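Notes follow once the structure below has been shown.
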Amino acid sequence: MRDYRIKRPHMKTTKKQIVDWCMKNINECHYPVDASEMHSHCFRCGYQRATEKAHTVPWAKYNYDSKYDSPQYYRLLCSECHPEAPNVMEETHCEWPNHHSIMDKWIIKSAKEFNAHLNYNTYWEHRNKFYELLDKTGQHGFEPTNKATMEWIMDEMLKWKEGLFEDYCKERGL
Ligand SMILES: [Zn+2]
């Protein structure tokens with residue numbers, strides 16, 4: 001049988017080089033990780049997890065051009081976030097001052113959906129709760145979830161978060 005697995009060339013760029021580059025060049029504002037946590041946390045969900053070197057460009061499409069094996073073309077993502085990351089090339093990629101790649105735009109936007117930019121280690125918990133609530137709803141025909149239903153989900157999310165906060169305070173006698 002033919003082996004369809006792609007033999008990827010060795011990535012010379014190290015995680016340390018990626019972190020060093022990102023610490024210097026990424027604007028932390030709205031980014032889910034602080035520069036000081038980039039070595040230990042997933043850039044997207046903000047969880048303290050093992051990370052993978054995620055290419056900001058479709059490396060295979062460029063025949064593993066060694067030009068892209070360079071720190072600015074990587075971010076560090078956990079194995080859950082990595083497959084969800086965009087894999088597209090853009091003209092202005094990594095050019096100062098527009099140094100945010102499409103990957104960075106996705107990191108910021110998708111992390112914000114579940115408040116990963118506010119707290120570490122909450123993204124997946126919030127996201128799972130959201131889908132748990134969404135599962136309890138239906139649609140009218142093929143229409144997307146309507147405004148009233150979405151408002152119910154948001155209210156329930158808020159109640160749930162307030163409950164978490166109360167538990168947190170009780171546990172600590174606050
Ligand atoms: Zn992640």
Side-chain angles (χ1 to χ4, degrees), residues 5-6 8-62 64 68-90 92-94 98-136 144-145 150 153-154 156-165 167-168:
R5 280 172 302 180
I6 301 163
R8 286 176 171 244
H10 176 66
M11 296 182 205
K12 289 194 195 81
T13 303
T14 65
K15 283 189 182 179
K16 177 159 189 332
Q17 288 170 322
I18 297 167
V19 169
D20 286 347
W21 186 90
C22 291
M23 279 173 76
K24 274 193 221 110
N25 295 284
I26 286 179
N27 182 349
E28 283 175 294
C29 187
H30 305 300
Y31 218 71
V33 282
D34 293 333
S36 61
E37 309 285 4
M38 283 178 172
H39 66 287
S40 55
H41 289 62
C42 169
F43 285 21
R44 192 278 198 106
C45 67
Y47 274 53
Q48 187 169 2
R49 284 180 167 183
T51 54
E52 301 171 353
K53 290 184 262 187
H55 257 105
T56 63
V57 296
W59 204 26
K61 195 167 153 58
Y62 295 92
Y64 302 105
Y68 297 114
D69 188 10
S70 159
Q72 75 259 39
Y73 294 109
Y74 291 100
R75 301 294 178 267
L76 300 180
L77 301 176
C78 74
S79 60
E80 262 189 292
C81 290
H82 196 168
E84 296 186 355
N87 212 7
V88 292
M89 193 55 164
E90 63 179 331
T92 56
H93 192 87
C94 291
N98 187 18
H99 64 287
H100 273 159
S101 64
I102 282 188
M103 171 83 94
D104 296 312
K105 286 176 194 151
W106 166 77
I107 286 174
I108 290 168
K109 190 165 176 274
S110 69
K112 264 190 179 176
E113 284 170 11
F114 295 102
N115 297 323
H117 65 303
L118 297 177
N119 298 301
Y120 284 124
N121 300 320
T122 54
Y123 177 87
W124 292 106
E125 200 185 349
H126 285 205
R127 179 165 153 173
N128 291 342
K129 183 68 187 176
F130 176 83
Y131 283 110
E132 187 190 307
L133 291 164
L134 189 66
D135 258 0
K136 292 183 182 173
T145 305
M150 206 43 110
I153 294 176
M154 289 307 156
E156 290 298 307
M157 285 290 288
L158 206 60
K159 272 190 238 163
W160 171 72
K161 276 187 236 171
E162 281 166 2
L164 287 184
F165 185 65
D167 292 347
Y168 175 91

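Numbers for residues simply follow the sequence, beginning at 1. Here the structure is a predicted model, which is why all the values come from computation and not from measurement. In listed order, ligands and their atoms are each counted from 1.
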For residues His41 and Tyr47, establish whether the separation of their ring centroids is below 6.0 Å. no

Under 30°, 30 to 60°, or over 60°: which ring-plane class applies to Tyr74 and His55, parallel, tilted or perpendicular? tilted

Applying side-chain contact (heavy atoms from CB on, under 4.5 Å) between Ile102 and each of Val88, Thr56, Ile107, report the one that passes. Val88

At a cut-off of 2.8 Å, what protein N/O/S atoms sit near the Zn ion (ligand 1)? Cys42 SG, Cys45 SG, Cys78 SG, Cys81 SG

So Tyr131 and Phe114, would you call those rings parallel, tilted or perpendicular, with 30° and 60° as cut-offs? tilted

Donor on one side chain, acceptor on other, Tyr31 and Asp104, under 3.5 Å: yes

Looking at Lys53 and Thr14, what are the two nearest heavy atoms and their distance? NZ-CA, 4.5 Å

